[in-house]
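Take a look at the structure set out below.
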Amino acid sequence: MNINPIVEKAVNLAKAYHSSDTTGHDWWHVYRVWRLAKYIALHEGADMPTVELAALFHDMDDYKITGVHNNSLANAREALKELHVDNLTAQRVIRVIEEVSFRGAGVDTTPSSPEACVVQDADRLDAIGAIGIARAFAYGGANSREMHIPQEKPQLHKSFDEYKSATGSTINHFYEKLILLKDRLNTNTAKALATGRHEFLLEFLNRFLEEWELKDIDNPVRGKK
Ligand code: ADP
Ligand code: NI
């Protein structure tokens with residue numbers, strides 16, 4: 001594979017940083033986001049070095065991994081320093097990373113650059129579909145969240161603080177974030193990829209709730225294709 005030496009170094013830094021994660025933010029999440037981001041950027045047009053570095057470093061300072069809520073992006077800044085990229089590129093990458101994350105159903109996170117649109121879409125695509133489902137339950141288990149609490153209603157959080165401090169079930173997280181993502185994508189390339197992944201989320205939710213209610217007692221062969 002023909003890979004630019006700066007990106008190669010960035011890959012190694014990201015791999016080392018995310019190597020032992022078990023919350024759905026492991027190196028393979030970053031790898032998939034990087035690949036998706038490159039694919040979307042090729043089709044949509046965006047500055048590729050900025051997209052690649054932002055994708056590779058996008059989760060280094062996420063409170064869900066670091067456990068601390070601070071906006072300094074110290075880990076990503078340090079990684080960019082190690083790469084000796086010029087100041088302008090570093091600033092662009094940091095700006096993209098600042099705009100990537102979901103912050104609650106009621107919070108506007110529209111990105112301000114084509115590069116941020118691409119990386120945000122790539123990250124969101126990895127939160128839906130089969131992999132998104134696996135990641136949600138991995139995150140939920142690692143963070144002591146129950147799978148499903150039937151009597152609890154989903155909350156459409158109005159602020160990032162409300163969203164961050166929520167402790168609801170993983171099934172509710174589907175209604176609070178995952179099934180909303182398809183309509184919050186920026187690029188047509190990502191929207192096309194999201195259709196099948198979104199449908200799979202809905203199918204999973206249906207099946208989960210059907211089995212929970214023992215609806216398959218009436219029709220045990222349902223689903224055998
Ligand atoms: P973002 O920064 O936009 O949240 P990430 O790459 O950090 O994107 O992905 C967050 C991952 O963590 C997703 O896969 C999501 O399903 C999972 N996650 C976040 N909050 C919860 C939660 N409350 N319950 C279950 N999974 C969660
Ligand atoms: Ni991510």
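Counting convention: from 1, in listed order, for ligands and their atoms alike. Just so we're clear, the structure is a prediction, and the values are computed from it rather than from any experiment. Throughout, residue positions are numbered sequentially from 1 according to the sequence presented.
- Inspection of the E44 and T189 side chains reveals an N or O donor paired with an N or O acceptor under 3.5 Å.
- The Ni ion (ligand 2) has an N, O or S atom of D59 inside 2.8 Å of it.
- Among all protein heavy atoms, the one lying closest to atom 9 (O) of ligand 1 is R135 NH2, 3.2 Å.
- Within the 4.0 Å heavy-atom criterion, neither part of E176 lies near ligand 1.
- With a 4.0 Å cut-off on non-hydrogen atoms, L178 touches ligand 1 through its side chain and not its backbone.
- Checked by distance only, ligand 1 and S101 come closer than 3.5 Å through their nitrogen or oxygen atoms.
- Remark: R103 fails to qualify as a cation-pi partner of Y163 under the 6.0 Å distance and 45° angle criteria applied to the six-membered ring.
- Under a cut-off of 6.0 angstrom, the local environment of CZ in R32 is crowded, with over 12 non-hydrogen atoms contributed by other residues, nucleotides or ligands.
- The nearest N, O or S atom of H25 is not closer to the Ni ion (ligand 2) than 2.8 Å.
- Counting non-hydrogen atoms of other residues, nucleotides and ligands closer than 6.0 Å to CG of N71 gives a total of 12 or fewer.
- For ligand 1 and H29, the ligand atoms under 4.0 Å from any heavy atom of the residue are 6 (O).
- By the criterion of a heavy-atom distance under 4.0 Å, the side chain of R145, and not its backbone, is placed next to ligand 1.
- A donor-acceptor contact closer than 3.5 angstrom is absent between the side chains of E146 and T170.
- Taking only nitrogen or oxygen atoms, main chain and side chain alike, D123 reaches within less than 3.5 Å of ligand 1.
- For atom 7 (O) of ligand 1, the closest heavy atom belonging to the protein is H25 NE2, 2.7 Å.
- When only interatomic distances are considered, the shortest N/O to N/O separation between F102 and ligand 1 falls below 3.5 Å.
- If you number the atoms of ligand 1 from 1 as listed, the ones under 4.0 Å from a heavy atom of K64 come out as 1 (P), 2 (O), 4 (O), 7 (O), 10 (C), 19 (C).
- At least one N or O atom of D62 sits closer than 3.5 Å to an N or O atom of ligand 1.
- Backbone or side-chain N, O or S atoms of D62 do not reach the Ni ion (ligand 2) at under 2.8 Å.
- A salt bridge is absent between R124 and D121; no separation between the charged side-chain nitrogens and carboxylate oxygens falls under 4.0 Å.
- Of the protein's non-hydrogen atoms, the one nearest atom 18 (N) of ligand 1 is H173 NE2, 3.3 Å.
- Neither the backbone nor the side chain of V33 has any atom closer than 4.0 Å to an atom of ligand 1 (non-hydrogen atoms only).
- In summary, the side chains of D123 and H29 do present a donor paired with an acceptor at a separation below 3.5 Å, with no hydrogens or angles considered.
- In terms of protein heavy atoms, atom 25 (C) of ligand 1 is closest to A136 O, 3.4 Å.
- No side-chain donor-acceptor contact under 3.5 Å links D62 and H25.
- In terms of distance to the Ni ion (ligand 2), the nearest N, O or S atom of D123 is named OD1.
- More than 12 heavy atoms of other residues, nucleotides or ligands lie within 6.0 Å of NZ in K164, so this atom counts as buried by the packing criterion.
- Put simply, the residue from E203, K182, K191 that forms a side chain to side chain contact (heavy atoms under 4.5 Å, CB included) with H198 is K182.
- For Y139, every heavy-atom contact with ligand 1 shorter than 4.0 Å involves the side chain, none the backbone.
- The closest protein non-hydrogen atom to atom 4 (O) of ligand 1 is K177 NZ, 3.0 Å.
- Looking only at atom types and distance, the side chain of D21 has a donor-acceptor partner in the side chain of T23 under 3.5 Å away.
- Taking the six-membered ring where tryptophan is involved, the planes of F204 and F208 are tilted, since the angle between them lies from 30° to 60°.
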